[in-house]
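Okay, structure first, notes after.
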Amino acid sequence: MRCGEASELMSLSLDEELPAAQMGALKEHLSVCLACQDEWIDLYRFSAWLSDVPLMSPSAGFTARVMSRLAQRQARPRVVGGAAFLLLGSALASVLATLLVLPLLIELWRTTNSPALFAGLQIVLLSALNVLQLVGQAVWVVMGALATTWSYPLFMSYLLLILLLTAVWVTLVKLQREKSPNLGSLGNR
Amino acid sequence: MDEERTWIRAALSGEQQAFARLVEVYQVRVYNLAYRMLGNPQDAEDAAQETFLRAYSRLRSYDLERPFGSWLLAIAAHHCIDRLRRRRVPSVSLDDLPPWRWLPANTPGPEEVVLRQDADEQVQRLLSQLPADYRLAIVLRYWNDLSYKEIAYATKSTESAVKSRLHRARRMLMESAREQRDGEGVVTGRGSSQERGQSRSGGEARCVVEKLAS
């Protein structure tokens, strides 16, 4: 066996990957070659020294830092997506508004000389004012009735029921969050 | 292993707490690899974090039949190699290395901590002499106990390439150490090859050969 070949086998032996058949040949070579014995001693000691050097550890809180970066990275596409959606929505809304309003403006411009247009607008405005007045009167009557008649407890019960349902909903949301904890629980890790 | 798979499945279904457990378990191995490859704590921290982020985003491509550690270290290894390529590391001259000396096998006394730090620096400086792929093979072999097959998987190479890299890396490390030792004229308790050959007794030679059988 040549020394170069023996050197390769030494490396395999250190890694416990040397087949038994070749182990005998290496031992035989080492028993007669002083240079390879030196090589083996150096390799063996160097390997042992290297194995003895401990693993380096990250500073405390590494997991929390990773999870924080993970949360940031996951949030980034949502923010970008939201902004893009908003921009696209605004653009579409503008186009739609233009398409809707433009024909109206054109029609209005064509009929500006017609006196009937102004008369029509006056009627519409007066009707709207009448409707608002009627609604205001209706609300006033209902509030007065609630404050003075037997339906007051019924109204209050209805309000309480709404509050109760809201509380139940908030509790359910909290429970759901506890089942899928967020990153806050990793803060001290 | 089963518990690990449970965490992986949970992480796949969106439970970040389960992924945090995986980070807890593997952070030291990943950080150590990054530190040994990149050579400083800041880069190692960043590379280790990035490794876990990439692992999370690629978790669906992970084969549950393979060891998770090897898969994770493969991601870390590729990321570190990429960083080294981008970095253009200035090569360190052998003259910059500290005097090399072999550490005793069992160092007693209060200097132990200092010697440990010394060993860390020495190993880091020696590793920095190696090409990145050789360094990676050494790190995966010595600090992660990966087999040739696992190293080949992690580095996307063949077992014979791994065998060759480890052999050459060891020779280069030994040469660096010897050149430094001889250049500095440090008394190491081990003389030149010729002196050692002349002074070794027959008993020591037999002992050395016997180590192979153990």
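All values reported here derive from a predicted model rather than from experimental measurement.
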#### Entry: Heavy-atom contact with chain B under 4.5 Å, split by part of A:E8
both

### Query
Got a second to check how far A:L55's CG is from B:N144's CG, nearest 0.5 Å?
7.0 Å

### Query
So A:F62 and B:E24, side-chain contact (heavy atoms from CB on, under 4.5 Å) or not? Walk me through it.
CA-CA 8 Å; A:F62 178 82; B:E24 277 290 307; over 6 Å; no

### Task
Answer with side chain, backbone, both or neither: which region of B:L33 has an atom nearer than 4.5 Å to a non-hydrogen atom of chain A?
neither

### Query
Going from CG on A:L43 to CG on B:L173, what distance comes out if it is rounded to the nearest 0.5 angstrom?
10.0 Å

### Minimum heavy-atom distance B:Y142-A:S47, with the two atoms named
OH-OG, 2.6 Å

### Query
With a 4.5 Å heavy-atom cut-off, do A:S57 and B:N32 have their side chains touching?
no

### Query
So do the side chains of B:I138 and A:L50 get within less than 4.5 Å of each other, counting heavy atoms only?
yes

### Message
How close do A:V53 and B:W143 get, counting heavy atoms only, and between which atoms?
### Response
O-NE1, 2.8 Å

### Summary
Cut-off 4.5 Å, heavy atoms of chain A, and the answer for B:S147 is both

### Task
Test A:R73 against B:Y56 for side-chain contact (heavy atoms from CB on, under 4.5 Å), laying out the working first.
CA-CA 11 Å; A:R73 197 164 284 193; B:Y56 187 81; over 6 Å; no

### Query
Which atoms form the tightest heavy-atom contact between B:M174 and A:D42, and what is the distance?
CE-CB, 2.9 Å

### For B:Y148 against A:S11, the heavy-atom pair lying closest together
OH-O, 4.0 Å

#### Entry: Criterion side-chain contact (heavy atoms from CB on, under 4.5 Å) on A:D15 and B:R170, from CA distance to verdict
CA-CA 12 Å; A:D15 295 328; B:R170 283 192 178 108; 2.4 Å; yes

### Working for side-chain contact (heavy atoms from CB on, under 4.5 Å), residues A:L14 and B:R141
CA-CA 11 Å; A:L14 285 173; B:R141 177 75 198 103; over 6 Å; no

### Message
If the threshold is 4.0 Å, N to carboxylate O, is there a salt bridge linking B:K149 and A:E17?
### Response
no

### Proximity breakdown for B:R168 and chain A, heavy-atom pairs closer than 4.5 Å
neither

#### Entry: Top contributor to chain A interface from B:H167, B:K163, B:R36 [non-hydrogen pairs under 4.5 Å]
B:H167

### Over 12 non-hydrogen atoms of neighbours within 6.0 angstrom of CD in A:Q137
yes

### Summary
Taking every heavy atom of A:M67 against every heavy atom of B:Q16, the minimum-distance pair comes out as CE-O, 3.2 Å

### Query
Do you know which of A:A20, A:S59, A:S51 has the most heavy-atom pairs under 4.5 Å to chain B?
A:S51

### Message
To the closest 0.5 Å, what do you measure between CG (B:D46) and CZ (A:R69)?
### Response
5.0 Å

### Query
Of the non-hydrogen atoms in B:A20 and A:T63, which two are nearest, and what is the gap between them?
O-CG2, 3.6 Å

